[in-house]
Amino acid sequence: QVQLVEAGGGLVQPGGSLRLSCVASKRFADAYIIGWFRQAPGKEREFVAAMRSISSSTRYADSVKNRFTISKDTAKSTVYLQMNSLKPEDTAVYYCGATASAIVWSSWSEGSSYSYWGRGTQVTVST
């Protein structure tokens with residue numbers, strides 16, 4: 001079992017920045033892939049970014065490339081999502097997910113690939 005707790009959400013103006021964190025309750029290396037997803041009101045959950053817990057391999061959704069950066073602090077079992085140049089369309093609840101399975105890179109963007117989820121943190125981009 002891996003328990004995940006997100007933090008760092010809030011209200012920010014367009015063009016602003018936020019950094020989300022996801023703390024894993026278990027030894028970091030036990031979670032093979034850790035990803036960020038988001039769900040806006042009335043929409044399905046969508047992939048944002050993901051990375052391997054034991055390497056620097058990453059993957060991003062096209063909509064956030066060059067604006068968002070996923071990173072990790074292995075000693076703290078924490079994954080971060082640095083979000084810059086935020087837009088109103090980035091408004092959503094952001095969820096952290098993890099899987100201990102060795103899923104292929106093409107499956108990193110699929111929510112069904114993840115076994116563990118946090119409760120989410122709200123990000124609102126508005127004036």
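Heavy atoms only: backbone and side chains are in, while hydrogens, waters and symmetry mates are out.
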Self-check item: NZ-OG distance between Lys72 and Ser77, expressed to the nearest 0.5 angstrom
Solution: 11.0 Å
Quiz item: How many angstroms lie between atom NZ of Lys43 and atom CD of Glu89, to the nearest 0.5 angstrom?
Solution: 8.5 Å
Self-check item: Spacing of CG belonging to Leu81 relative to CH2 belonging to Trp36, to within rounding of 0.5 Å
Solution: 6.0 Å
Exercise. Give a yes or no on whether a salt bridge exists between Asp90 and Lys87, defined as a side-chain N under 4.0 angstrom from a carboxylate O.
Key: no
Quiz item: Between the main-chain N or O of Ala61 and the side-chain N or O of Ser63, is there a donor-acceptor pair closer than 3.5 Å?
Solution: no
Quiz item: Between Lys76 and Val23, does a side-chain contact (heavy atoms from CB on, under 4.5 Å) hold up when you go through it step by step?
Solution: CA-CA 8 Å; Lys76 296 182 179 179; Val23 180; over 6 Å; no
Quiz item: To the nearest 0.5 Å, how far apart are OG in Ser57 and CD1 in Ile33?
Solution: 8.0 Å
Practice problem: Can you see which heavy atom on Gly9 is nearest to which on Leu20, and at what distance? | Solution: N-CD2, 3.6 Å
Exercise. Answer whether the closest heavy-atom distance between the side chains of Ser126 and Leu11 falls below 4.5 Å.
Key: yes
Practice problem: Decide yes or no for Arg52 and Tyr32: does some side-chain heavy atom of the first lie under 4.5 Å from some side-chain heavy atom of the second? | Solution: yes
Quiz item: Do Asn84 and Ser17 have side-chain atoms, one donor and one acceptor, less than 3.5 Å apart?
Solution: yes
Quiz item: Does Ile70 offer a backbone N or O that forms a donor-acceptor pair with the side chain of Tyr60 under 3.5 Å?
Solution: yes
Quiz prompt | Shortest non-hydrogen separation from Ala24 to Val2 and the atoms involved | solution = CB-CG1, 4.2 Å
Quiz prompt | Minimal non-hydrogen separation, Trp108 against Ile103, with atom names | solution = NE1-O, 3.6 Å
Quiz item: For the residue pair Trp105 and Arg59, what are the closest heavy atoms and their distance?
Solution: O-NH1, 2.8 Å
Quiz prompt | Ser113 side chain vs Ser107 backbone, donor-acceptor pair below 3.5 Å | solution = yes
Exercise. For residues Pro14 and Thr127, determine if any side-chain heavy atom of one lies less than 4.5 Å from a side-chain heavy atom of the other.
Key: yes
Exercise. State which residues pass salt bridge (Lys or Arg N to Asp or Glu O under 4.0 Å) with Arg19; sequence neighbours excluded, sorted by chain then number.
Key: none
Quiz item: Rounded to the nearest 0.5 Å, what separation is found between the OG1 atom of Thr91 and the CG atom of Leu86?
Solution: 8.5 Å
Quiz item: Is there a path from Phe68 to Val12 through hydrophobic residues (I, L, V, M, F, W, Y) whose side chains come within less than 4.5 Å of each other?
Solution: yes
Practice problem: Give the intermediate values and the outcome of side-chain contact (heavy atoms from CB on, under 4.5 Å) for residues Cys96 and Ile34. | Solution: CA-CA 7 Å; Cys96 177; Ile34 296 184; 3.8 Å; yes
Exercise. Using the test ring-ring contact (aromatic ring centres under 6.0 Å, His included), find all partners of Phe37 that sit at least two apart in sequence or belong to another chain.
Key: Phe47, Tyr114, Trp117
Quiz prompt | Residues, nucleotides or ligands: over 12 heavy atoms within 6.0 Å of Gln3 CD | solution = no
Quiz item: Looking only at atom types and distance, does a side-chain atom of Glu6 sit under 3.5 Å from a main-chain N or O of Gly120, one as donor and one as acceptor?
Solution: yes
Practice problem: Identify whether NZ of Lys or CZ of Arg in Arg45 sits under 6.0 Å from the centre of the six-membered ring of Tyr95 and within 45° of that ring's axis. | Solution: yes
Quiz item: Less than 4.5 Å apart, any side-chain heavy atom of Thr121 and any of Arg38?
Solution: no
